[in-house]
Amino acid sequence: MRADHGGSTVILEAIVSRDLWFWHALFGMAGLDNDMNVLGASPLFNDILNKEQNMSYVVNRHEYNYGYYLADEIYPNYAIFVKSYSYPVDEKQKMFKSAHEYAKKDVERAFGVLKQQ
């Protein structure tokens, strides 16, 4: 129950690609009041943390065994979460921050499309 919304809420964890494809969705149970609680209940991330999911790929002849997810600062410092720079100091960091924010806009756009339906 959230007083600022005047009723109960459900949190949605989602992984969305630029083409508006939802690759994963988990609706948080009532009472899960923040992203960290939803993350703790997520079967996707529990499988990753327990090393039960293998997503091997190769970049520049280096093999990676797990995917990565763009995340905000509230998420823990796990290798699978790629966070933006709070205060970018050079052009490379500024460019990464811009790309990270652009990807977040893709997720917001996907939710906007769902809301219109």
Got a second to check how far Glu101's CD is from Glu108's CD, nearest 0.5 Å? 10.0 Å
To the nearest 0.5 Å, what is the distance between OH (Tyr64) and OH (Tyr57)? 6.5 Å
Nearest non-hydrogen partners of [X] and [Y], listed with the distance:
X      : Y      : answer
Val89  : Gln93  : N-OE1, 2.8 Å
Lys97  : Tyr85  : NZ-O, 3.0 Å
Arg18  : Arg109 : O-NH2, 2.7 Å
Asp106 : Leu20  : O-CD2, 4.3 Å
Trp23  : Ser17  : NE1-OG, 3.1 Å

Checking Glu91 against Met95 for the side-chain contact (heavy atoms from CB on, under 4.5 Å) test, could you report, in this order, the C-alpha distance in whole Å, the side-chain angles of both residues, the deciding distance, and whether it holds? CA-CA 6 Å; Glu91 286 304 311; Met95 199 160 94; over 6 Å; no
Would Tyr102 end up clustered with Phe111 when hydrophobic side chains under 4.5 Å apart are linked, directly or stepwise?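 In one cluster with Tyr102: Phe111, no.
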Between Lys83 and Tyr75, is there a donor-acceptor pair closer than 3.5 Å when you use the side chain of the first and the backbone of the second? yes
Give a yes or no answer on whether the side chain of Asp19 reaches the backbone of Trp21 with a donor-acceptor pair at less than 3.5 Å. yes
Using side-chain contact (heavy atoms from CB on, under 4.5 Å), reason through Phe96 and Val82 one step at a time and then give a plain yes or no. CA-CA 11 Å; Phe96 178 82; Val82 177; 3.4 Å; yes
By side chain to side chain contact (heavy atoms under 4.5 Å, CB included), which residues pair with Tyr87, not counting sequence neighbours?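 Counting only residues at least two positions away or on another chain, Tyr87 forms no side chain to side chain contact (heavy atoms under 4.5 Å, CB included).
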